[in-house]
Amino acid sequence: MAAEGLERRQDRPSHLSMLAILIVALLAIAVLCALQPVLLWPGLGFALALIVVALVTSGRAAERIALPDSGPWSRQDVQTPPSFSQLDLARAVADPLIVFDRNGVVVHANPAALSAFDPVTPGTMLQLRFRAPELQSLVEHALNGTDDREPVDYAERFPVERMYRVSVARLDTTRGLFALIFRDHSEARRIDRMRADFIANASHELRTPLASISGFIETLRGPARNDAAARDRFLGIMQDQTGRMARLIDDLLSLSRVEMKPMLKPGETADLRPILEAVIATIGPRAKEAGVTIETDLEEGEAKVLGDRDELFQVFENLLENACKYGRSGKQVDIGLHRITDGGQTGIAASVRDHGQGIPAEHIPRITERFYRIDAEASRNQKGTGLGLAIVKHIVTRHNARLLIRSKIGEGTEFTVFFPDQPAMS
Amino acid sequence: MVAQQHIVRAYDEELKFLSARIGAMGGHAERMVERAVQALVTSDTALAQRIIVDDKMLDDAQREIDEKAIIIIARRQPLAHDLREIIGSIRISSDLERIGDLGKNIAKRVVAVSEARQPLRVFRGMEALSGLALAQLKEVLDIFASRSVDRIASLRDRDDQIDQMYTSLFRELLTYMMEDPRNIAPCTHLLFCAKNIERIGDHATNIAETVYYTATGRQLPAERPKDDLSHDVIAPMAGSQ
Ligand SMILES: Nc1ncnc2c1ncn2[C@@H]1O[C@H](COP(=O)(O)OP(=O)(O)OP(=O)(O)O)[C@@H](O)[C@H]1O
Ligand SMILES: [Mg+2]
């Protein structure tokens with residue numbers, strides 16, 4: 001929006017129109033004076049004033065730019081904003097770029113910066129918004145004129161982690177304008193972290209099934225060497241365990257993948273209705289096997305949200321799968337899709353509700369943590385790895401949506417994903 | 001809000017100085033808490049040691065803000081919005097200083113906790129809790145930077161989440177203590193750490209109230225009644241748990 005505000009007016013047409021108005025006005029005054037000689041002097045005075053005004057405004061028009069709203073810090077001397085070519089340049093840059101003045105006040109933030117660091121509107125004081133000690137000193141050095149600082153690393157942790165390499169450049173010495181440039185290298189850093197994370201988690205979680213497999217191998221080679229019945233049983237268990245390890249690795253990879261790309265592609269939309277229908281079609285047979293019927297209550301009409309179809313599919317697949325597994329005793333799972341108001345916000349809510357035994361309140365805040373299982377044994381019997389809800393939560397957060405969990409012991413659990421209506425993007 | 005015109009330029013410089021200091025303090029406090037929890041989770045006693053030393057910056061900055069603020073009030077006799085701004089700075093800096101203390105306190109417990117091996121699950125919980133508190137703090141300070149007070153309402157929900165998460169961790173730690181008496185000492189330290197993190201969230205809420213008051217001149221309206229059965233789960237730090 002700031003970029004729009006700074007749009008420059010074409011000055012040639014305005015020159016012409018100004019001239020035309022002037023001529024018409026003078027003619028009118030001349031005619032008036034001819035009819036009423038008394039009006040000669042006031043008429044002449046007015047004409048003179050008109051000429052002065054016209055000259056001043058047309059002279060200024062070339063320089064004048066509409067300033068964007070000045071925020072709390074720009075109320076004293078508002079810097080002359082950078083010239084057009086710089087702003088066009090800023091807009092064209094895909095990385096976040098912020099132009100600030102010698103007071104450390106934001107003059108312009110390009111669209112990438114606005115969407116990455118919302119809120120960082122013009123007028124914001126840079127040192128208040130970017131508080132990391134490294135950035136503080138980077139900006140301070142720039143303002144003090146000590147030049148050529150090395151770029152620094154900067155991480156924004158919420159709502160999703162992103163890492164930047166930030167450098168500062170002086171744009172204009174006379175007016176004291178600087179640019180803060182953020183190069184996003186989250187991807188590279190996240191790959192590093194993913195590797196470390198994967199090793200930590202995998203080594204921890206794979207140890208149990210591995211230990212059990214090696215135990216069985218030992219038994220098979222030793223005491224049970226000639227026991228055909230035991231061998232069969234043990235091989236069966238070992239197969240289960242390797243299956244579990246494979247699932248674990250799949251889930252870990254899938255979690256890492258969603259964590260790797262924290263930003264949604266802007267502008268992508270998905271309709272929740274067909275997604276839910278596809279999920280039901282996928283899980284349906286398994287639900288039937290488990291003796292669970294799926295009831296739907298999907299509000300008519302389009303349920304478009306900003307988001308990625310495949311990821312949202314994954315969310316509801318996990319939720320429905322859980323409902324069928326852990327809420328099995330309730331025999332029925334309800335899927336709903338409605339427009340609702342939550343906490344003063346309107347939006348679309350998609351919910352999955354089971355009628356199972358419910359989740360004790362103390363576990364609810366925790367179940368979206370990785371590997372968190374209420375009853376590890378029960379989950380293992382259900383072939384669970386405890387990563388499903390971690391994946392769900394991550395995707396939901398990335399969609400600027402909220403995951404709401406309501407549960408009552410003995411009555412069941414409802415998982416709702418609430419997508420608040422997005423304010424129209426500027 | 002009508003932007004008051006200030007004739008005296010130096011006065012604005014002084015006000016801006018206060019804000020810049022608050023920004024620096026905020027960044028420092030955020031960093032301390034983050035590192036303290038990191039030290040706790042990774043049993044990094046060297047890192048913990050560095051955090052303890054680092055706390056001095058916050059003490060100094062707070063004192064500096066207090067002194068500057070008092071001088072400004074005495075000399076300029078500011079009114080209305082400016083006065084609120086200055087008083088706000090004093091209050092926010094004192095909350096930030098307390099947050100630093102709490103972070104330091106966590107760092108001090110790292111040695112005691114790292115003496116015994118703790119279940120991974122407790123640390124994941126601790127990270128999740130601190131993720132919520134840090135998200136809260138960041139959001140509050142970001143709101144302060146842009147004065148977009150209309151966003152403050154959404155902070156309330158996270159308050160509840162922090163409380164719930166804390167309660168859950170508390171129970172879990174109690175279970176570990178009951179399972180094995182040798183866990184009692186380290187788990188007690190962890191309990192205090194969790195409590196500290198929860199209080200960091202409280203200070204963040206205090207700051208939100210101050211920011212709201214500074215910007216609007218009104219107290220933050222009372223909380224809407226909350227639905228006991230509903231839990232809002234929002235991801236804390238990405239990839240940290
Ligand atoms: N609808 C539900 N009712 C009761 N408990 C549930 C429900 N959904 C999830 N849970 C509990 O939350 C835990 C975590 O669920 P999550 O989906 O993350 O893992 P999982 O189902 O064990 O494994 P995965 O989904 O990775 O195969 C489960 O182990 C279960 O204890
Ligand atoms: Mg699951």
Side-chain angles (χ1 to χ4, degrees), chain A residues 70-73 75-77 103-104 117-121 123-133 135-136 156-161 190 193-194 197 204 256 259 262 343-345 361-372 389-390 393-394 396-398 402-408, chain B residues 1 3-6 9 12 16 19-20 22-31 34 120-121 124-125 127-128 131 134-135 138-139 141-148 151 153-154 156-157 161 164-165 167-169 171-172 215 224 227-241:
Chain A
S70 52
W73 296 107
R75 60 186 179 198
Q76 68 292 353
D77 61 332
N103 293 317
F117 306 122
D118 178 46
V120 58
T121 39
T124 302
M125 206 171 154
L126 215 55
Q127 277 158 301
L128 268 185
R129 178 58 183 80
F130 298 102
R131 298 173 297 272
L135 266 193
Q136 293 270 325
E156 280 261 317
R157 296 214 188 287
F158 311 101
V160 275
E161 183 157 48
R190 224 172 271 123
R193 247 260 299 283
M194 171 183 147
D197 246 35
H204 182 75
S256 299
E259 283 181 348
Q345 275 176 308
E362 70 268 24
H363 289 294
I364 291 183
R366 309 281 309 274
I367 51 171
T368 55
E369 288 169 24
R370 290 178 192 186
F371 302 116
Y372 195 95
L389 288 177
K393 181 182 67 176
H394 199 90
V396 165
T397 308
R398 185 159 67 204
R402 289 205 289 270
L403 182 65
L404 296 137
I405 308 173
R406 287 156 179 271
S407 188
K408 202 156 188 191
Chain B
M1 199 191 338
Q4 299 97 327
Q5 208 51 52
H6 288 262
R9 175 107 195 257
D12 271 315
K16 217 156 50 186
S19 284
I22 297 270
M25 277 187 83
H28 209 84
E30 285 174 300
R31 178 65 53 87
E34 188 191 315
L120 212 58
R121 185 161 136 162
R124 288 208 185 99
E127 278 177 322
L134 279 170
K138 176 182 190 303
E139 192 131 17
L141 293 173
D142 284 353
I143 288 172
F144 181 57
S146 65
R147 311 295 153 102
S148 42
R151 291 167 177 243
S154 67
R156 291 261 176 76
D157 293 337
Q161 291 171 45
Q164 287 160 11
M165 185 76 87
T167 314
S168 163
L169 262 175
R171 282 166 186 250
E172 191 170 345
R224 66 185 158 84
D227 183 350
D228 272 342
L229 284 175
S230 131
H231 296 261
D232 212 0
V233 181
I234 295 174
M237 244 181 283
S240 68
Q241 15 151 347

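So you know, we letter chains A, B, ... as the sequences are listed, proteins then strands, and number each from 1.
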* **Shortest non-hydrogen separation from B/Ala20 to A/Gln136 and the atoms involved** => O-OE1, 4.3 Å
* Could you walk me through whether A/Arg131 and B/Glu30 pass the side-chain contact (heavy atoms from CB on, under 4.5 Å) check? -> CA-CA 9 Å; A/Arg131 298 173 297 272; B/Glu30 285 174 300; 2.9 Å; yes
* **B/Lys138 side, atom NZ; A/Arg129 side, atom CZ - distance, nearest 0.5 Å** => 4.0 Å
* If you look at every heavy atom in B/Arg31 and A/Ala132, which pair is closest and at what distance? -> NH2-CB, 3.7 Å
* Structure fact -> Closest heavy-atom pair, A/Arg366 versus B/Ser168, reported as atoms and distance to 0.1 Å, is CG-OG, 2.9 Å
* I would like to know whether B/Lys16 and A/Asn103 meet side-chain contact (heavy atoms from CB on, under 4.5 Å); could you show each step before the answer? => CA-CA 9 Å; B/Lys16 217 156 50 186; A/Asn103 293 317; 3.2 Å; yes
* To do: Specify the closest pair of heavy atoms between A/Leu128 and B/Ser19, including all atoms of both residues, with the distance to one decimal.
  => CD2-O, 3.3 Å
* Residue part contacting chain A, namely of B/Leu169, when any heavy atom lies under 4.5 Å -> both
* To the nearest 0.5 angstrom, please state how far the CZ atom of B/Arg124 sits from the CD atom of A/Glu369. => 8.0 Å
* **Segment of A/Phe130 engaging chain B (4.5 angstrom heavy-atom cut-off)** => neither
* Interchain contact, B/Glu139 with chain A, by part (heavy-atom threshold 4.5 Å) -> neither
* Asked: Under a 4.5 Å heavy-atom cutoff, which of B/Met25, B/Arg171, B/Glu172 has the most pairs with chain A?
  -> B/Arg171
* Minimal non-hydrogen separation, B/Gly27 against A/Pro133, with atom names -> O-CD, 4.1 Å
* Tell me, for A/Tyr372 versus chain B, whether the close heavy atoms (under 4.5 Å) come from the side chain, the backbone, both or neither. => side chain
* Asked: Tell me, side chain or backbone of B/Ser148 under 4.5 Å from chain A's heavy atoms, or both, or neither?
  -> side chain
* State the OG1-CG distance between A/Thr124 and B/Asp142, to the nearest 0.5 angstrom. => 9.5 Å
